[in-house]
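Below is one structure, written out as structure tokens; the observations come after it.
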Amino acid sequence: MRDFSRDTRWLSINTATIRKSRGVDLPLPDIIEACVRRGIRAISPWRDQVHAAGLATISQLVRTHGMELSGYCRGGMFPATDAAGLKAARDDNRRAIDEAAELRAPCVVLVVGGLPGALQGRAAHKDIALARSQVRDGIAEMLEYAKQAKMPLAIEPLHPMYAADRACVNTLEQALDLCDALDPGRTGALGVAVDVYHTWWDPKLEAQIARAGRERLLAFHVCDWLTPTTDLLNDRGMMGDGVIDIPRIRGWVEAQGFAGYSEVEIFSTGNWWQRPHEETLDTCIARHQSVV
Ligand code: ZN
């Protein structure tokens with residue numbers, strides 16, 4: 001296993017982690033500058049943050065500082081109630097691929113969506129099997145476009161508590177079944193993002209990481225699961241503050257040959273987003289070196 005204790009070579013910051021500083025929105029250029037000042041070499045930005053600052057501006061900043069991306073957040077949200085909705089998702093996902101290519105991201109992370117309307121508080125139906133078939137069809141179609149752009153797609157299985165509103169792909173096994181169906185040749189065009197927050201509880205995790213193998217392991221996300229947890233979305237813990245044995249999972253991933261970034265992704269309305277972002281980043285570095 002790689003030694004993270006001495007530097008930040010393999011630390012990436014998912015920019016949601018410091019999207020707020022002292023409760024106030026922090027623009028993406030400021031986030032990038034703060035990372036650069038600390039020697040952090042990689043980020044994984046969110047599309048809304050990129051759009052707010054301008055794609056050309058961010059692309060230029062990333063290149064000027066020689067930064068890399070560990071992913072681009074995010075594509076997906078495939079299910080819809082009608083043809084127009086499916087087409088809107090398809091078009092938006094193609095734009096995500098184009099943006100990721102401009103930013104030289106290694107992959108577009110897919111949060112695949114759940115029951116249409118559920119995220120807005122009113123699910124249009126209860127047919128999760130239909131949603132899953134639309135996800136499969138949507139990824140298949142997106143994959144054709146992604147291959148032309150040479151942009152890999154990383155399916156991120158989300159914890160089952162999000163099955164209704166954010167992602168009806170909920171285990172690594174389920175994500176890998178999709179990979180095997182849509183990319184049986186293991187070409188590298190389709191893989192998974194393993195986020196310890198979503199997957200740590202899974203009794204099949206070690207076996208499925210081995211099944212994924214190097215070709216399918218495209219991203220590795222870390223934070224921690226707090227007990228008790230107070231919010232299902234925005235109460236993620238700093239590494240070391242919760243119950244996830246992160247080094248064990250990283251060991252499984254690296255045993256397959258994964259040698260990419262360890263991406264810190266923390267959504268924390270009540271705690272880290274209330275602190276100065278400098279403190280949050282410094283803590284990310286310290287914990288990356290000691291408990292990841
Ligand atoms: Zn993640």
Side-chain angles (χ1 to χ4, degrees), residues 10-19 31 40 42-50 68-77 93 96 100 103 105-114 119 135 139 152-163 165-176 178-179 190-202 205 208-209 212 216-226 229 231-239 241-246 249-250 252-253 258 260-269 272-273 280 284 287-288 292:
W10 296 109
L11 169 63
S12 173
I13 297 294
N14 184 296
T15 57
T17 303
I18 50 170
R19 71 158 54 244
I31 292 173
I40 294 169
I43 57 169
S44 182
W46 283 71
R47 289 185 73 199
D48 64 312
Q49 294 174 304
V50 170
E68 294 189 334
L69 269 64
S70 57
Y72 191 48
C73 297
R74 56 178 165 62
M77 295 291 166
N93 280 320
L103 295 169
C107 60
V108 172
V109 173
L110 299 183
V111 172
V112 299
L119 195 56
V135 165
I139 295 174
L153 302 179
I155 304 169
E156 181 164 6
L158 261 53
H159 190 284
M161 66 183 171
Y162 301 115
D165 56 6
R166 292 179 193 276
C168 56
V169 172
N170 306 105
T171 61
L172 189 52
E173 181 175 38
Q174 199 186 347
L176 290 169
L178 283 167
C179 291
L190 185 61
V192 295
V194 175
D195 186 324
V196 299
Y197 186 76
H198 296 300
T199 60
W200 71 276
W201 57 274
D202 185 350
L205 183 58
Q208 293 299 317
I209 286 173
R216 297 251 198 258
L217 292 169
L218 301 183
F220 181 61
H221 300 173
V222 300
C223 67
D224 217 331
W225 184 282
L226 301 175
T229 193
D231 185 284
L232 298 188
L233 183 65
N234 293 325
D235 187 38
R236 294 187 180 207
M238 178 64 66
M239 300 81 72
D241 287 349
V243 297
I244 303 177
D245 189 344
I246 301 171
I249 299 173
R250 180 162 77 86
W252 294 340
V253 169
F258 177 82
Y261 287 99
S262 179
E263 177 183 320
V264 177
E265 185 183 35
I266 299 172
F267 314 149
S268 175
T269 308
W272 295 101
W273 286 349
T280 303
C284 287
R287 301 296 178 85
H288 172 81
V292 171

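In listed order, ligands and their atoms are each counted from 1.
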Subject >> Contacts of type side-chain hydrogen bond (donor to acceptor under 3.5 Å, both in side chains), residue Thr199, not counting sequence neighbours >> reply: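 Per chain and number, Thr199 pairs via side-chain hydrogen bond (donor to acceptor under 3.5 Å, both in side chains) with no residue.
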Original post:
How many protein atoms of type N/O/S are positioned less than 2.8 Å from the Zn ion (ligand 1)?
Top reply: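 Protein heteroatoms (N, O, S) closer than 2.8 Å to the Zn ion (ligand 1) number 4.
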**OP:** Answer yes or no: is there an ion pair linking Arg74 with Asp48, defined by an N-O contact shorter than 4.0 Å?
**Re:**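 Asp48 and Arg74: not salt-bridged.
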**OP:** Could you tell me whether Trp225 and His159 have their ring centroids closer than 6.0 angstrom?
**Re:**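 Yes, the ring centres sit under 6.0 Å apart.
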Original post:
Sequence neighbours excluded, which residues qualify as salt bridge (charged side-chain N to carboxylate O under 4.0 Å, His left out) partners of Arg250?
Top reply: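 Residues passing salt bridge (charged side-chain N to carboxylate O under 4.0 Å, His left out) with Arg250: Glu254.
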Subject >> With Asp241 via salt bridge (charged side-chain N to carboxylate O under 4.0 Å, His left out) - residues at least two apart >> reply: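 Partners of Asp241 by the salt bridge (charged side-chain N to carboxylate O under 4.0 Å, His left out) criterion, ordered by chain and then number, come out as Arg287.
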Subject >> Option among Cys107, Ser12, Pro106 that satisfies the side chain to side chain contact (heavy atoms under 4.5 Å, CB included) test with Leu69 >> reply: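 Single side chain to side chain contact (heavy atoms under 4.5 Å, CB included) partner of Leu69 among Cys107, Ser12, Pro106: Pro106.
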